[in-house]
Each structure stands twice: as C-alpha cells, then as structure tokens.
There are 2 protein chains.
Amino acid sequence: MARLREFDEDRALDAAVDCFWNRGYEATSVRDLAREMGIGGASLYNAFGGKRALFERVLERYANRSTRERIARLEASHRPREAIRAFLAEVIDRSLKDRDCKGCLLVNSALDVAPHDAELGRVVTGYLEEIRSFFRRNVEAAIAAGETPRGTDAEALSIHLLGVLMGMRVLSRTGARRRTLEAVVQPALDLLEKPH
Amino acid sequence: MARLREFDEDRALDAAVDCFWNRGYEATSVRDLAREMGIGGASLYNAFGGKRALFERVLERYANRSTRERIARLEASHRPREAIRAFLAEVIDRSLKDRDCKGCLLVNSALDVAPHDAELGRVVTGYLEEIRSFFRRNVEAAIAAGETPRGTDAEALSIHLLGVLMGMRVLSRTGARRRTLEAVVQPALDLLEKPH
DNA sequence: CGAATTTTAGTGCAATCGTTCCAGAATCGC
DNA sequence: GCGATTCTGGAACGATTGCACTAAAATTCG
C-alpha cells in the first residue's frame with residue numbers, strides 16, 4: 001500500500017531518550033532530536049506527531065527500559081529487603097558510571113516540565129508512584145517475613161525511600177561521589193534492618 | 001554626574017527571582033524578565049549585564065533571602081537539634097503554601113542549568129554546601145550536648161539530611177501533600193532522637 | 001546654565017524555535 | 001506497470017530568542 005519506514009523506531013526513540021535526558025525538554029530542539037535520531041524533521045512529525053508527543057513516548061520508553069525493567073529483574077531474583085537494597089545500589093552504580101551526570105529522566109522531568117504541563121505531570125507522577133509501589137510492596141513483604149524492626153510502617157517508609165531516592169538523584173546530577181550518595185541512602189536502608 | 005536609576009534594583013531582582021523560580025532558566029526569556037521587572041530590555045543589560053549574569057545575581061539573592069536568612073534565624077533562636085527540625089518544618093510549610101509548586105530555586109537549578117554550565121554548577125553546589133554545613137554544625141553541637149544516639153556520625157548524617165531535603169523538594173514540586181513530605185523527612189529527624 | 005554622563009524606551013538583528021509544506025522516492029494491491 | 005499511499009530530505013513558515021544600537025530624557029558637576 002505504501003512506502004515502508006526506513007528507520008528503526010525503537011532505535012530512534014532511544015536516541016530521543018538520550019537527547020531529552022541530557023539536555024531537558026525545553027533545551028532540546030526538534031532539529032537536535034532529528035539529527036541525533038538520524039531522521040528528517042518531517043519523519044519525526046510523521047512518526048511521532050511532534051516534540052511533546054515524542055516526549056511522552058520517550059518517558060514511556062525510559063520507564064519501561066530503565067525503571068520497570070530494574071524493578072522486575074530485582075524483584076524476581078532477590079528477597080524483599082535485598083531487592084530494595086539492590087535497587088538503590090544499582091542506581092548509585094549507574095549514576096557514578098554516567099560521566100554526563102544525567103541523573104534520572106523522571107526526576108529531571110518532575111522539576112522541569114511537570115509543573116508547567118499538568119498532563120505530563122500526571123504521567124511523571126504515575127511513574128514515580130510505580131517506584132514507590134515497588135518499595136511499599138517489598139517493605140510489606142519484609143514485614144510479613146518478620147525481617148524488619150517492630151512497628152515498621154510500610155506506607156510511611158515507602159514514601160521515605162522514594163524521597164531519599166529523589167534526593168540521591170539530585171545530588172548525583174551535581175557530580176557527587178560514591179561516598180556522598182551512599183551516605184544519603186544508608187540510613188534509609190538501616191530502617192529495614194533489625195537493631196542489634 | 002549622571003542620571004539616577006529610576007527602578008529599585010532590589011525590587012527588580014526579586015521579580016527576576018520569581019521569573020526564574022517559576023519557569024526555570026531556559027524557559028525564561030529576557031523579555032519576560034524585563035516585563036516582570038518593570039524595566040526595559042536595555043536597562044536590564046545596562047544594570048545586570050545580560051541573562052546569565054542576572055541569573056547569578058538571582059541565585060545570590062535567593063540564597064541570601066531564603067536559605068541564609070532561615071539558617072541564621074533558626075540557628076540564633078533554637079538549640080541545635082531543634083534548629084534542624086525547624087528548618088525542615090519551615091520548608092515543608094512554605095512548600096505547601098506555594099500554589100505554584102516552585103520548589104527550591106537551588107534544587108531546580110542544580111538539575112536544570114548546573115550540568116550544562118560548570119561555573120553556575122559550582123555556584124549552586126556551593127549554596128547547597130552551606131545548607132549541609134548548617135546541618136553538620138548542628139548535628140555536631142547536638143552530639144557534643146549528648147542529645148543524640150550513641151555513634152552518630154555528623155558528616156554522614158549531614159549528607160543524609162541534605163539528600164532528604166533535596167528529595168522532599170522534588171516531591172513538593174510534583175504537588176505532594178503534607179503527609180507525604182512529612183513522611184519523607186520524619187525518619188531522618190528520628191536519627192537525632194535518642195531511642196526510648 | 002552648559003557639559004558630561006548614564007538611564008530610558010523602542011527598534012533592529014541574526015539566529016533559532018516548533019511546525020508545516022512540498023516534490024520526489026519507495027512500496028503495496030491490483 | 002499503475003494508482004494509491006506513505007515515506008523521505010529540504011526548504012520555508014511565522015514567532016521568538018538573546019543581544020545591540022539609537023536617540024531622547026534626566027541628573028550632577030563646574
């Protein structure tokens with residue numbers, strides 16, 4: 001019926017993720033995007049609709065490939081408390097490896113675009129809630145397994161863990177060292193450990 | 001010798017603070033700034049040098065009027081542990097009162113402009129270090145007063161407090177409720193409290 | 001007052017913004 | 001091969017960007 005698309009949509013999306021992740025929404029131009037994605041401007045509008053619509057696809061892809069993948073993988077291979085610990089440790093490792101200090105696209109977006117675009121704000125908040133839900137699920141499981149201190153509140157602790165994760169992401173974007181990031185996170189992990 | 005300036009530089013700076021605070025560096029245009037500051041574009045360049053130079057003045061004014069003022073005031077009127085508690089409580093109160101969810105200009109800048117401008121990055125990091133230094137100073141004083149749990153590490157705890165503050169600021173920008181913000185902060189404050 | 005100096009509003013500039021349009025190329029059912 | 005359809009690179013759109021320039025207005029010193 002019609003001409004076939006020449007470029008790989010997933011590869012192009014990955015390139016767009018890198019663009020928005022590096023420079024933020026406002027500072028990334030459609031021309032930058034098209035160049036990095038290896039396509040023409042017309043193809044971008046043809047395939048993705050425009051800058052904003054592309055950004056929604058980018059957020060979704062980032063969530064799938066980064067956040068959801070990590071949650072599923074760690075939850076499948078670790079006991080509850082260790083899943084939380086491994087999640088934070090992995091984020092620290094990746095943050096330190098990233099020379100560009102890109103931080104987390106969801107956190108960057110929460111501060112950059114969410115306040116000025118209610119719909120995108122709800123999307124970002126939804127993804128953050130998925131992370132918190134992961135924390136909450138595993139804190140509850142750890143409580144049920146009797147591995148946590150007495151009186152642990154899963155709801156409150158999951159919020160605290162999300163906040164600590166956000167703060168660590170902010171500091172990692174400013175180029176913090178490993179010792180700093182671990183000092184941010186450690187006390188939160190200690191709350192899951194029975195006092196001895 | 002020369003004509004006197006018609007506008008009040010401090011009032012104009014305050015208006016510029018609001019602009020950058022609301023919309024971020026990139027998304028704020030010089031024309032927006034001039035209009036909100038009540039001056040012409042030429043006056044802006046004349047008095048402040050340009051957008052970037054103005055932003056540095058804005059960061060300085062924000063730090064003086066918001067962060068440093070709060071630190072000095074609370075440190076003068078509270079005992080060490082209560083100064084930290086009051087600091088976080090005040091930030092929560094102000095975050096909830098702010099309908100625009102502007103968050104903290106320093107945090108917003110740390111994610112928005114710092115990674116792309118090394119010099120501004122150092123400026124922002126410096127202001128954040130002042131906050132951490134406030135935490136550290138008061139944790140040390142609390143330790144010296146014997147008010148903290150045994151084995152409290154002032155350096156590590158001050159980093160944790162800074163991270164928790166950053167995280168709370170991120171979540172406040174997404175429109176979090178009081179219960180959420182307090183849940184983020186409470187466990188960090190508990191670390192200053194002797195177990196009973 | 002006259003000269004010197006600096007602020008002011010307004011306009012202009014080259015560049016870039018997100019987006020659209022266009023002509024040509026490629027692919028399908030027929 | 002043909003018509004229909006969708007893709008492609010490239011040019012062009014109006015709007016806006018940060019910044020520079022001009023002439024008039026205002027102030028202080030001599």
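Letters A, B, ... are given to chains in the order of the sequence lines, protein chains preceding strands, and every chain is numbered from 1. None of the values given here were measured: they were computed from a predicted structure.
With salt bridges taken as basic N to acidic carboxylate O contacts below 4.0 Å, none links B:K102 and B:D18.
A donor-acceptor contact closer than 3.5 angstrom links the side chains of B:D32 and B:S29. A side-chain donor from one of B:E75 and B:N138 sits under 3.5 Å from a side-chain acceptor of the other. Checking B:R73 against B:S77 by side-chain atom types alone, no donor-acceptor pair falls below 3.5 Å.
Rounded to whole angstrom, the span from the CG atom of A:L33 across to the P atom of C:dT19 amounts to 11 Å. If you take CG of A:D32 and C1' of C:dC17, they are 11 Å apart, rounded to a whole angstrom. Atoms CG (B:L54) and P (D:dT17) sit 15 Å apart, rounded to a whole Å. One can place CD of B:E9 at 15 Å from P of C:dT6, the figure rounded to the nearest angstrom. For A:E26 and D:dT17, the CD to P distance is 11 Å, given to the nearest whole Å. Between A:R31 atom CZ and C:dC17 atom C1' there is a gap of 7 Å when expressed in whole angstrom units.
Within the 3.5 Å criterion, the main-chain N or O of B:V91 finds a donor-acceptor partner in the side chain of B:S95. Using a distance-only test at 3.5 Å, with no hydrogens or angles considered, no donor-acceptor pair links the side chain of A:H160 to the main chain of B:V164.
In this structure, A:V30 reaches the bases: a heavy-atom distance under 4.0 Å links it to at least one base atom across the strands shown.
Interface residues of residues 34-49 of chain A facing DNA chain C, ordered by number: A:A42, A:Y45; criterion, heavy-atom separation under 4.0 Å.
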